[in-house]
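Remember, predicted model here, so these are calculated numbers, not experimental data.
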Amino acid sequence: MEVMSVMQDVRAKVREHKGLDYLQVYENEKGDKIWVIDENSRSVLEQNKLTGNKEYHHCTILLPDEY
C-alpha cells in the first residue's frame with residue numbers, strides 16, 4: 001500500500017466533508033486497511049485550539065502489522 005496515495009485520498013475526504021473525525025480507518029479496493037489518527041479532535045480544530053505549534057500539526061498512520 002502506497003502511504004502517499006492514502007494520504008492524498010484522506011486529504012480529499014477532509015476537503016469534501018470540510019473536516020473529519022480524528023480517527024479514520026482507510027480501506028483500499030483490495031481490502032487493505034490503515035488507521036489515520038489526528039493529534040487533535042474535530043471539535044478542537046473547529047474551535048481553533050490546536051495543541052502545540054500549528055506549523056507542526058501531525059497525524060499517526062498505523063499499518064495493519066502495527067495494530
Side-chain angles (χ1 to χ4, degrees):
M1 178 181 302
E2 175 70 33
V3 174
M4 288 305 294
S5 66
V6 169
M7 291 309 299
Q8 288 172 346
D9 286 350
V10 171
R11 286 184 183 131
K13 288 287 185 192
V14 168
R15 286 189 297 275
E16 177 184 339
H17 296 282
K18 295 185 177 30
L20 296 172
D21 194 21
Y22 74 100
L23 172 63
Q24 296 296 308
V25 179
Y26 177 87
E27 184 173 357
N28 69 8
E29 61 281 347
K30 293 191 260 179
D32 299 324
K33 293 182 183 180
I34 67 167
W35 291 19
V36 181
I37 307 166
D38 195 321
E39 69 175 334
N40 293 285
S41 69
R42 186 174 186 169
S43 63
V44 166
L45 296 173
E46 287 171 348
Q47 296 170 23
N48 200 23
K49 294 182 179 178
L50 292 176
T51 58
N53 188 332
K54 293 179 185 179
E55 183 179 342
Y56 302 108
H57 182 181
H58 299 286
C59 68
T60 300
I61 300 171
L62 294 175
L63 301 171
D65 59 335
E66 298 175 316
Y67 56 86

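Atom OG1 of Thr60 sits about 10.5 Å away from atom CG of Leu23, to the nearest 0.5 Å. Expressed to the nearest 0.5 Å, how far CD of Glu27 lies from CG of Asp9 amounts to 12.5 Å.
Partner of Tyr26 under the side-chain contact (heavy atoms from CB on, under 4.5 Å) criterion, out of Ile61, Asp32, Val10: Val10 alone.
Taking both residues in full, the closest heavy atoms of Val25 and Lys33 are given as CG1-CD, 4.1 Å, listed atom of the first, atom of the second, then distance.
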